[in-house]
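Below: one structure, written as structure tokens.
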Amino acid sequence: MKNQIFITQEQLDKLSEELQYYIHTKRPEVVERIKEAKSYGDLSENSEYDSAREEQAFVEAKIKGLEAQISNAQLIDENVESDVVTLGTTVTYENVETNEKSQYRIVGIGANPLDEKTPSISSSTPIARGLSGKAVGEEVVIAIPTGNITLKILDIK
């Protein structure tokens with residue numbers, strides 16, 4: 001599967017819930033709006049109809065996107081135990097220059113950062129790539145779009 005996205009069970013459940021919302025709530029609402037707009041008569045100058053059709057296109061695209069994400073989902077173990085930063089771990093690090101601390105879960109490419117309790121970043125980001133394979137106490141210089149930053153790994157869960 002070339003478009004795999006690595007996500008937790010919680011993220012998969014949220015994607016499934018969102019898909020159900022679009023299929024069973026939004027889609028019928030849009031269909032009703034289209035029916036109502038058609039009842040106004042001439043469709044060539046009917047802005048309500050045009051708006052409803054645009055929303056229908058958005059909803060259908062959203063449904064297709066969510067279905068693709070779900071079908072390409074590869075579950076990761078939420079209880080990853082590792083001495084180094086890897087996919088599925090939660091890493092706490094400090095910016096050496098600013099002393100600012102951050103904590104993120106490393107998730108797969110294409111995964112949505114849906115877990116509000118532990119924000120996540122994609123394994124394809126410069127920070128995740130730079131931290132990957134590093135252990136607690138290590139410092140790493142990472143090239144980001146605004147320059148280089150030095151990060152020190154404080155904890156890995």
Side-chain angles (χ1 to χ4, degrees), residues 1-80 82 85-95 97-98 100-133 140 142-149 151 156-157:
M1 212 184 285
K2 72 176 190 171
N3 294 325
Q4 279 184 321
I5 58 170
F6 295 90
I7 60 177
T8 64
Q9 182 64 51
E10 182 180 1
Q11 290 172 318
L12 180 60
D13 292 345
K14 287 185 180 185
L15 284 174
S16 296
E17 185 179 305
E18 185 178 6
L19 175 62
Q20 294 307 309
Y21 167 76
Y22 276 96
I23 289 173
H24 299 293
T25 304
K26 286 304 285 182
R27 184 186 270 165
E29 286 174 5
V30 172
V31 168
E32 268 311 302
R33 281 188 59 209
I34 291 171
K35 282 182 189 175
E36 186 178 326
K38 280 182 176 181
S39 73
Y40 298 149
D42 184 13
L43 298 181
S44 64
E45 294 183 22
N46 187 332
S47 62
E48 289 86 2
Y49 178 75
D50 293 340
S51 173
R53 293 289 297 181
E54 285 176 21
E55 186 176 3
Q56 181 184 38
F58 170 80
V59 167
E60 293 305 321
K62 186 72 173 178
I63 289 170
K64 284 189 189 307
L66 289 167
E67 288 173 338
Q69 283 184 301
I70 291 169
S71 69
N72 291 322
Q74 179 71 36
L75 291 179
I76 58 173
D77 184 0
E78 295 191 58
N79 299 313
V80 174
S82 178
V85 177
T86 186
L87 189 65
T89 58
T90 298
V91 60
T92 303
Y93 60 85
E94 177 180 47
N95 182 319
E97 289 94 28
T98 66
E100 181 181 342
K101 294 179 183 175
S102 300
Q103 182 180 56
Y104 293 101
R105 176 182 203 102
I106 309 296
V107 296
I109 297 169
N112 290 328
L114 299 174
D115 184 357
E116 298 293 331
K117 295 172 281 186
T118 305
S120 59
I121 57 174
S122 170
S123 59
S124 67
T125 63
I127 290 176
R129 286 194 321 262
L131 294 175
S132 185
V140 61
I142 300 173
I144 60 171
T146 58
N148 289 336
I149 59 171
L151 303 178
I156 300 170
K157 297 183 212 170

Item checked: Evaluation steps, side chain to side chain contact (heavy atoms under 4.5 Å, CB included), between Glu18 and Tyr22 -> CA-CA 6 Å; Glu18 185 178 6; Tyr22 276 96; 3.7 Å; yes
Next item on the list: Under the side chain to side chain contact (heavy atoms under 4.5 Å, CB included) rule, what do Asn95 and Leu151 come out as? Steps first, then yes or no, please.
Entry: CA-CA 5 Å; Asn95 182 319; Leu151 303 178; 4.1 Å; yes
Next item on the list: Show your working on side chain to side chain contact (heavy atoms under 4.5 Å, CB included) between Thr86 and Ile106 and close with a plain yes or no.
Entry: CA-CA 7 Å; Thr86 186; Ile106 309 296; over 6 Å; no
Next item on the list: Would you please test Ile34 and Val30 for side chain to side chain contact (heavy atoms under 4.5 Å, CB included) and show each step?
Entry: CA-CA 6 Å; Ile34 291 171; Val30 172; 4.1 Å; yes
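Here the side chain of Asn46 pairs a donor or acceptor atom with the backbone of Ala37 at under 3.5 angstrom. Formation of a donor-acceptor pair under 3.5 Å by the Arg105 side chain with backbone atoms of Pro119 is not found in this model. A side-chain donor-acceptor contact under 3.5 Å links Ser122 to the backbone of Ser124.
The CD1 atom of Ile127 sits 4.0 Å away from the OH atom of Tyr93 when rounded to the nearest 0.5 Å. Distance check, rounded to the nearest 0.5 Å: OH of Tyr49 to CZ of Arg53 gives 4.5 Å. Atoms CD1 and CD1, on Ile144 and Ile149 in that order, are 4.5 Å from each other to the nearest 0.5 Å. Between the NZ atom in Lys64 and the CD atom in Glu67 there is a gap of 7.0 Å [rounded to 0.5 Å]. Note that CG of Leu131 and OG1 of Thr89 are 9.0 Å apart. Values are rounded to the nearest 0.5 Å. Rounded to the nearest 0.5 angstrom, Arg33 CZ and Lys26 NZ are separated by 8.0 Å.
Closest heavy-atom contact between Ala143 and Pro126: O-CB, 3.6 Å. Closest heavy-atom contact between Leu12 and Ala73: CD1-CB, 4.0 Å. Residues Ile63 and Ile23 share a closest heavy-atom pair of CD1-CG1, 3.9 Å. Nearest heavy-atom pair, Leu87 versus Val107, reported as atom, atom and distance to 0.1 Å: CD1-C, 3.4 Å.
For the side-chain hydrogen bond (donor to acceptor under 3.5 Å, both in side chains) with Arg27, the qualifying choice from Glu60, Gln56, Glu32 is Glu60, the only one to do so.
You'll find the side chain of Ile156 stays beyond 4.5 Å of the side chain of Thr90, heavy atoms only.
Counting non-hydrogen atoms of neighbouring residues, nucleotides and ligands closer than 6.0 angstrom, the CD atom of Glu29 exceeds 12 such neighbours.
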